[in-house]
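Here's the structure we're looking at; comments come further down.
Computed from a predicted model, the values in this text were never measured in an experiment.
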Amino acid sequence: MTPTLPLPPNREAHLISLIQSTQSLHHLKQIHGLVLRLHLFFSGSPIATQLISSSSRLRSIPFALSLFRLFPSPSPFLFDAIIRALSDHSLFDSSLSHFALMFNSSLRPGRLAFPFALKSAAFTSRTALAFSLHAAAAKVALDLDFFVRTSLVDMYVKLDLVVCAIKVFDETPEWHRAGNVLLWNVVINGLCRSGDVERARELFDVMPERSVASWNSLVQGLLKRGDLDAAVELFEGMPERNVVSWTTMVAGLSRNGDNQRAVWMFDRMLEGGVRANEFTVASALSACSRMGALESGVRVHEYALGNGFRADGAVGTALVDMYSKCGKIERASEVFDQMEQRDVLTWTTIIMGWAIHGHWRRALQCFEDMRCACVKPDDGVFLAVLMACTHSGKVEKGVELFDSMRFDYKIEPTMKHYTCMVDLFGRAGRLEEALEFMKAMPVEPDFVLWGALFSACRAHKNVKMAELAAENFLRLKPSHSGGYVFLSNMYSSAKRWDEAEKVRTTMKDQSVEKSPGWSYIEVRGQTHRFLAGDQSHPRSNEIHNRLEELVLRAKEQGYEPDIDCVLHDIEEEDKEDSLECHSEKLALAFALISTVDREEIRIVKNLRVCVDCHSLMKVASSIYGREIILRDNKRFHHFKTGVCSCGDYW
DNA sequence: GTAGGGTTAG
């Protein structure tokens, strides 16, 4: 059937505006049919060009390509359109080969083809090609073009050749760059990316006019190097902020550990009437995930649901991660199941989720499912399955997966994989194998890896190997307090007091600061943080009373304080009651006085939970009939009716 | 043609 389309006398112009405004590929194909019948579909026709551009806009590269291929000798406009379409859809290789086709024909690429070819070269990291393209553009004086010049600078920035970017910028005549804010922005962004915020600031101060993007780049530069206060100050002073500015803050604060402020920024943005996009939502969810703040996370989720965000891509993955890291692995799994698109990152996230919750079977099942879904495993997903084995003591399975990664998938292990393996052997008490594994590694172990071995030695009370591990740990990372604390604890529990004392003195001499243990709990939208021995909470008295009561009742049930753990916290060791001061116990006591019966209790702790707290939590879960979900810095512990989901393996 | 995002060992 011929579609009935109204055709006024100026039919070509009308067709073009019809093509540009259509929102469906089906409709576009109908128009194409009509154009064919009207004999308006030929190489030099602007209608043909518009059809290709619109296919790209409607995300159908196959149709765009099939149109392009109908022309034995395409016009320069058609080449421009297809090169741009391919580059816009990240099909950089294809974009470049079409550029080459154009270049080698009698046609010369013009001011529209070059920018997209430059972008493609940048994204495929082809430095040599980048230089040739630059030279080719210069040869025909196109490098002086507004578009081309900006693209050149941006290309060098993307290729991490900031020096080249600045050179192009500096060689741009004054009159040329005066009215090109974009050119300035691109350079400023390049400088910020390479860490040279000072120089970026100098350019920022003298540029003829600024846009929001200029500010955003600078703020991002400061956040990237951890200068949070400076970033916030600049941000607050911005004459205008857009969704990118806010997202930059949310993501940057979160990456630097200030998740509370990140979520606050998100809320402020919404209060100010700025609509979030998927980048913002994903960043906000990530902040909630890092904090373990379920209530905030649910709020962001509700916002996403109410504003038509699809739980796919980054938002979906961030949701899965948020629920998983907030203790709701079943909920994470539901979200995961409902997703339509899952990439390797999504799978990694859910596998890691099952891993940290101690469900190695579910983790491995997901890994199988992922392979069945033809998603190619990468090093990250292997790390996640190895973690699953580590947290559940599945040593043989872990070794098998590690070998499979290397030999079946030809993926070279990274230091993270090696550490995971040492942890796998170490936690299982197979210390000799762990050490052997380290010796067989093709690379020199780093301090993290020695740290993993050390933890294993401590858990399995092998002082001799612990000394070796600590020695290397401190050799590679003398400023790290953990090494000293560990070693001192080791000697203490082996009753080698003199040596323990010596380590502590060394530590004090080098003025190494110990990172304090804290626990965090969210009660009805309010967050409460406790430090070890904390008495600053307004309800501190009640908390300590409830804790005493808990310990008494627990003792009736056979709980015995584990004295070894007192030594865990060396600064507290002289206090008799220091065991009762661990921050997770305070958080638990607070939860008991501030939540209702049977309500589940979720605690987040920044260090690994000690044996004593772990056993008290178990007893508490049965005494009060509560489910206690504790996230420590490694994994989750679900305490219920006197047992822990980790099976006391952690 | 510019700015922002989801996973990752101890």
What is the nucleic acid contact for [X], judged by heavy atoms within less than 4.0 Å: base, sugar-phosphate only, or nothing?
| X | result |
| --- | --- |
| A/A314 | base |
| A/R427 | sugar-phosphate |
| A/D312 | nothing |
| A/R210 | nothing |
| A/N242 | base |
| A/R241 | nothing |
| A/G313 | base |
| A/F146 | base |
| A/M155 | nothing |
| A/K224 | nothing |
| A/V448 | base |
| A/T346 | base |
| A/D343 | base |

Are the aromatic rings of [X] and [Y] close, with centres under 6.0 Å apart?
| X | Y | result |
| --- | --- | --- |
| A/F204 | A/W184 | no |
| A/F147 | A/F114 | no |
| A/F367 | A/F382 | yes |

In short, A/M438 meets A/V422 closest at the heavy-atom pair CG-CG2, 3.5 Å

Which pair of heavy atoms, one from A/F92 and one from A/T124, lies closest together, and at what distance?
CB-CG2, 3.5 Å

Does A/R331 qualify as a cation-pi partner of A/Y323, given the criterion of NZ or CZ under 6.0 Å from the six-membered ring centre and within 45 degrees of its axis?
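Checked: cation-pi criterion met.
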
Bounds of contact between DNA chain B and chain A, in 5' to 3' order, using a heavy-atom cut-off under 4.0 Å:
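With heavy atoms of chain A under 4.0 Å away, the range is B/dG1 to B/dG10.
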
More than 12 foreign heavy atoms under 6.0 Å from CD of A/Q341: is that the case here?
no

